[in-house]
Structures are given as C-alpha cells and as structure tokens.
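Scroll down for the structure; my scribbles are underneath it.
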Amino acid sequence: MAAAAAASLLSSSSTSSLITPTNNLCKMHSAACLDSRLYQLLKGFITSAVYCLPCQKCNVKLYMVTTPGAPFSRHCRRLATNGTVEVDGTNQEDRLIASGDHSPSNLESIYNLERQLDGLFDEVKTLIRLGKENDAFDLLQANYVAVKQQMDTGARGIEEAAILDVIALGYMALSETRMVASVLDVVEQVVEELKDDEPLLDSILLHMGNMYEKVKKFEMAIYQYRRALRIMEKKYGNSSTFLVTPMLGIAKVLGSTGRATESIETYHLVIKILESGRGLVCEELLLPLTSLGNLLSKEGRSSEAENVFKRILDQYIKLYGEKDGRVGMAMCSLAHVKCATGDVHEAINLYKDAFQVLKHSKSIALDDELMEKMRIDVAELLHAVGRGEEGRVLLEECLLITEKYQGKDHPSCVIHLMNLAASYSQFKNFAEAERLLRKSLQIMMKTVPPDDQSITFPMLHLAVVLYNLNRDEEAENFALNALLIREKAFGEESLPVGEALDCVVSIQTRLGRDDKEILKRLQRILKIQELALGNDSKEVVETLKKVIYYLDKLEMRSEKLPLQRRLSRLRKKLKEMV
C-alpha cells in the first residue's frame, strides 16, 4: 500500500505545471499600454485646455541651476536682483524661480508660464535620463525653496500652484514619493483657495489626482479628479471628449479601491462620449475598452470581458491592419479571456495566430520576456488538453531562442530544460527527461554555490525521474541532498523542506528503509503542513493516512486511534465542503 502511495505521489510530482518567469504578462502588457495611453490623452488634453483659457499678466521667470549642491538661498537672492546665477565665476542660465509680479492678465503670459514650466520639467527629465538624479533633485529643491519664499510674502495664486505642480511631477519622475506627498499637501492648500475659473487649474487638478493615486491617497485622488471634471463640464458641456481624462482617472481609482460597479459604469460612460464625439472606431477608445475588459475579467465577468476584447481586436484591425503587431497583442488578450470562459481550444488557436502576426510584424523581439511567457502559457494549455507534442514544440522553441541569444550554458536555459523534462515525464519518456535534467543541473552547479537553494529544483525533479526509472538509490541520494540544502536555506519546518521530505519518504518506502525512520519523517511532514497549510487541508489528510498506516504497521495502536478519529472528522468535513 505504501509503495503504491509513493508511486502515486512521485507520478503527480512529475507532471507539475510548467515553470514561467512571470505571471499574467498579457494583462501586464495591457496595463502598461493603459498608462502610456493615459499619458498621451492627458498630455493632449492639457495642451488643448490651455489654449482655450482666458488669463492675465504673468511675469514669473524660470531659470536653470547647473551646479548640484549649491546653496539655495544664494540662488534665490542673486536671481531676485539680476536673474542669473554665478557658479565658479561663470554666469549660468538657471531654472530657479525669480521674484516678480505674479498677476496674470493676458493669454500670452499664460503661454509663457506654460513654456517655462515645460522647460523646467524637460530639464529634470533630461538630467534623469543622463543619470544625474542628484542634480535633478537639487534643481527641484531650489525651485521649491524659491516658490515657498514667494508664498511667504502672500503670493498664493495659480502661478504658485502651477510651479508646485511641476515640482511634484519632477519628484514623481525621481520616485521620491515622500517629497511628492509633501509638495501635494502644499499645492492642495493653494488650489483650495482658488476659484474654478482660474486658468490651468483643471490641468493642475488632473496632475494632482494622478499623483495622489500614485502615493495611494485614493480619496484625495477622486476629489481632485471630480473637481477637474466639474470645471470642464462647465467649460465644454456634459458630452465633450475633454471630459474623458478626469473620468478615466475616476474610473481607475474606483476600480483600485474595490468599487467595481461604479468604475464599470464610468468606463461605459467614457466609451459613450468618445463614440459620440469621435466615432465608433478611433484610437482613443482603446484605453477605456481595455481598462473595462481587464476590470470585467478581474470581477469574474468573463463573458462580458470577452465581448469587450473582441471589440478591441476589431478596433486594432480596422485602425492598423491585420498584420500589425498590436493586433497580435490584442489577439493574446482575447485568448486569455477565452481561457477563463472555458473555450481553451479556441484560445490556443488565437494564441498561435497571434504568434504568427507578432513574428511577421517584427514589432517584438523573439527573445522578449513577454513572448517567452506566452509560449510557456500556451504550451501549458496544450499539455492540459492532451496536445503535449504541440506544446513541446513551443518549449523547444523557447530553449533554442534562449540558447541563441544567451548561450547554451546560460542559467536562463534551466527553466526551459526543466519544462521540457516535465513534458517528457508527463508522456513517460523518462530517459529524455533525465538527460535534460542532468544538463540543467550541470548549468546550475557552474552558476551557483553547491548549497544554493535554487539547485534543489532540478535535483528533486531528477530524483522523481530516477524513481520512475527504478533507480531508487540514485534517486534517494539526490532527494537527500536537496533536503539538506533546503533545511539550511529555509529552516527545518518550512514548506519547501516538507516537499523534499515527501519525496525522500516515497523513495525510501520502496527501498524498504527502516519503518521508524520513515514514520518520523512523515510526522515532520504532517507538522510542517499543519503550520503552513492549516490543520484541515487536503495535504494534511493525505499525510495523516500515511502516518496511520505506519503506526498500524509498527503496532502503535494507542497513537493510531486519535489520529484515525481526526482523519474521519476531516474526511467528513471535506466531503461536506465539496
């Protein structure tokens, strides 16, 4: 009986899911596209909004600091008198804010303010791109000190709000979220005192909403977005496409905070506005449609999500043609949803078509991580529906591409070697699985120290394969080595140790090792599973059966009876749950 249980355990271990570097990359790609499109929409809206706004006179000047670490007070003092900064005896153009008349009076001056703010932000981005983050930080800090000094004199108008807004955006680009939150608090104090008809205010509120979202102050984000929306509704009407940007911001935050129903309604309204203003086929529709599809998928409304992603695919085909790489990505997203609805074979066909489109469009490199992840996902689907040979072709393609771009002995090959081994094991070709696992183990041993925990994965897989080849003593050696490494790496009561112990017990059972030693190991496994998975997990039930078998075999009836009663209760509970 125990030998049969061991065989069952090792057989199931050999058909485990394929290994993949990351998860849900199709969804991640969609999310990345969302952020990019939101930026483009936001940028386009701000430009349009600014050119429609009335304004007054504005004499604010921005200058550029080129020396990091220079005293901010000195910069402010010098700029107040002559508008330049002397660094090491040389006058340098400086993007530090100067004192001046801050009362806007005409359209031209608001354009000038916008151009100067754009210049400041471009300078920050340039410094970051050149790896001069400290210079960028000093530049922002100098401007922050300057504008705070202006505010101390009583200046708290739209110019101060706009400058603080750009400074906060700069800190965000530097990932200085603590500084972002601090500056936002100051901007909030300024904009709260401004009337809704101030020029640039709607754009500033949009930026604030986005930044509050990034620093996870979601209620403040929604508040800013809604105020911006209210302002824009007054200016452009309730059906203007200008309303799309704040509404997208609101929908995104609502979705992030668990208010899915409100978020879905908002996305539908955005889509309706865009259809009315731009037509049924337009690039701007892709963002809300993708966001809506992702949210519906997350909420388990797969059929609705499928309809949305079908429309997205149709939009991409009409906008860019059937051979465009973006069409390939849209097909992958639709395939992902079809898996959720249970239409696995259609999903596989879509994935395969997507691979062809992406390959011929050359829009994504063969060795791109996203392509690798999709190949592995489709290979796993093919194995799950019994089309293992087709799946193995994709896994071999992954290996060949990695060997071509990284080298045959590169650690990245190990994942693909192990996946191929799992595929061959599933179809009982243990000899080929052994060859692949030994090769992966050789690569690992050249790459990491002999006691590194990562080496235990090919070790345990190899132990399972050798067990299936009836080479039990070799299998035992690999399993015991893996167990020792994991005990040192994770601790003796960790779940990875329990997995290794399970493998050792199964092999030693067939080898006829000492029953008392096997029982001790089973009791260790039981304790580990109870701690990690709970006292009534399915894994605990299976291990309890084995413990009871050995207690009975060793005639330890007093210890066996309470465990038998516990097993009976657990079986009944699990049956009721099912």
Side-chain angles (χ1 to χ4, degrees), residues 1-17 19-20 23 418 422 448 451-464 467 475-511 513-554 556-578:
M1 180 191 294
S8 174
L9 166 69
L10 287 163
S11 175
S12 65
S13 299
S14 68
T15 59
S16 58
S17 297
I19 305 165
T20 180
N23 292 319
M418 290 179 67
V448 300
D451 59 348
D452 189 281
Q453 59 86 15
S454 61
I455 209 168
T456 64
F457 293 96
M459 270 186 180
L460 283 178
H461 277 257
L462 185 54
V464 171
Y467 175 92
E476 183 185 31
N477 286 335
F478 280 110
L480 286 171
N481 284 337
L483 174 61
L484 290 172
I485 293 171
R486 288 193 174 187
E487 284 177 335
K488 183 178 177 181
F490 300 111
E492 295 193 355
E493 295 185 352
S494 64
L495 204 53
V497 167
E499 181 187 31
L501 276 168
D502 215 2
C503 187
V504 169
V505 164
S506 299
I507 296 167
Q508 290 185 335
T509 298
R510 196 161 76 179
L511 281 168
R513 300 297 189 214
D514 183 71
D515 288 342
K516 289 182 180 179
E517 289 299 316
I518 292 176
L519 177 59
K520 285 181 182 179
R521 288 203 161 108
L522 283 169
Q523 288 170 331
R524 275 188 68 191
I525 294 169
L526 183 62
K527 184 179 178 182
I528 289 169
Q529 290 174 337
E530 288 171 340
L531 287 171
L533 306 173
N535 292 329
D536 54 356
S537 65
K538 291 181 180 179
E539 292 80 4
V540 165
V541 170
E542 292 304 313
T543 306
L544 265 175
K545 285 192 247 179
K546 297 173 189 176
V547 171
I548 291 168
Y549 169 80
Y550 274 95
L551 289 171
D552 185 61
K553 189 176 181 182
L554 292 167
M556 299 170 67
R557 290 181 175 81
S558 60
E559 295 182 39
K560 183 184 79 168
L561 289 173
L563 291 181
Q564 276 186 319
R565 287 194 290 269
R566 180 185 173 191
L567 178 61
S568 177
R569 288 195 302 269
L570 283 176
R571 280 174 166 168
K572 183 179 179 181
K573 183 177 180 180
L574 288 173
K575 185 178 180 180
E576 289 173 352
M577 288 172 64
V578 172

When rounded to the nearest 0.5 angstrom, what is the spacing between [atom1] in [X] and [atom2] in [Y]?
X    : Y    : atom1 : atom2 : answer
Y549 : L519 : OH    : CG    : 12.0 Å
K488 : D452 : NZ    : CG    : 10.5 Å
L495 : L533 : CG    : CG    : 5.0 Å
T456 : H461 : OG1   : NE2   : 9.5 Å

Check for a donor-acceptor pair, side chain of [X] on one end and backbone N or O of [Y] on the other, with a separation under 3.5 Å.
X    : Y    : value
T509 : V505 : yes
T543 : V540 : no
R510 : Y467 : yes

Heavy atoms only: give me the nearest [X]-[Y] pair and the separation to one decimal.
X    : Y    : answer
A479 : L460 : CA-CD2, 4.2 Å
A489 : Q453 : CB-CB, 3.7 Å
P458 : M418 : N-CE, 3.8 Å

Side chain to side chain donor-acceptor pair (under 3.5 Å) partners for [X], two or more places apart:
X    : value
S494 : none
N535 : none
K553 : D515
E542 : K545

Using the side-chain contact (heavy atoms from CB on, under 4.5 Å) criterion, which residues pair with [X]? Sequence neighbours excluded.
X    : answer
E487 : L483, L484, E492, V497, R524
D552 : K560
Q508 : E476, L480, V504, R513, I518, R521
L563 : L544, V547, I548, L551

(message) Between the side chains of K546 and D502, is the shortest nitrogen-to-carboxylate-oxygen separation below 4.0 Å, so that they form an ion pair?
(response)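 Looking at D502 and K546, the cut-off is met.
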
(request) Using salt bridge (charged side-chain N to carboxylate O under 4.0 Å, His left out) as the criterion, list what pairs up with K527, not counting sequence neighbours. (result)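 Counting only residues at least two positions away or on another chain, K527 forms a salt bridge (charged side-chain N to carboxylate O under 4.0 Å, His left out) with E493.
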
(message) Give me each pair satisfying salt bridge (Lys or Arg N to Asp or Glu O under 4.0 Å) with a member in residues 561-570, each pair once, sequence neighbours excluded.
(response)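 For residues 561-570, and leaving out neighbouring residues, the salt bridge (Lys or Arg N to Asp or Glu O under 4.0 Å) pairs sorted by first residue read E530-R566.
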
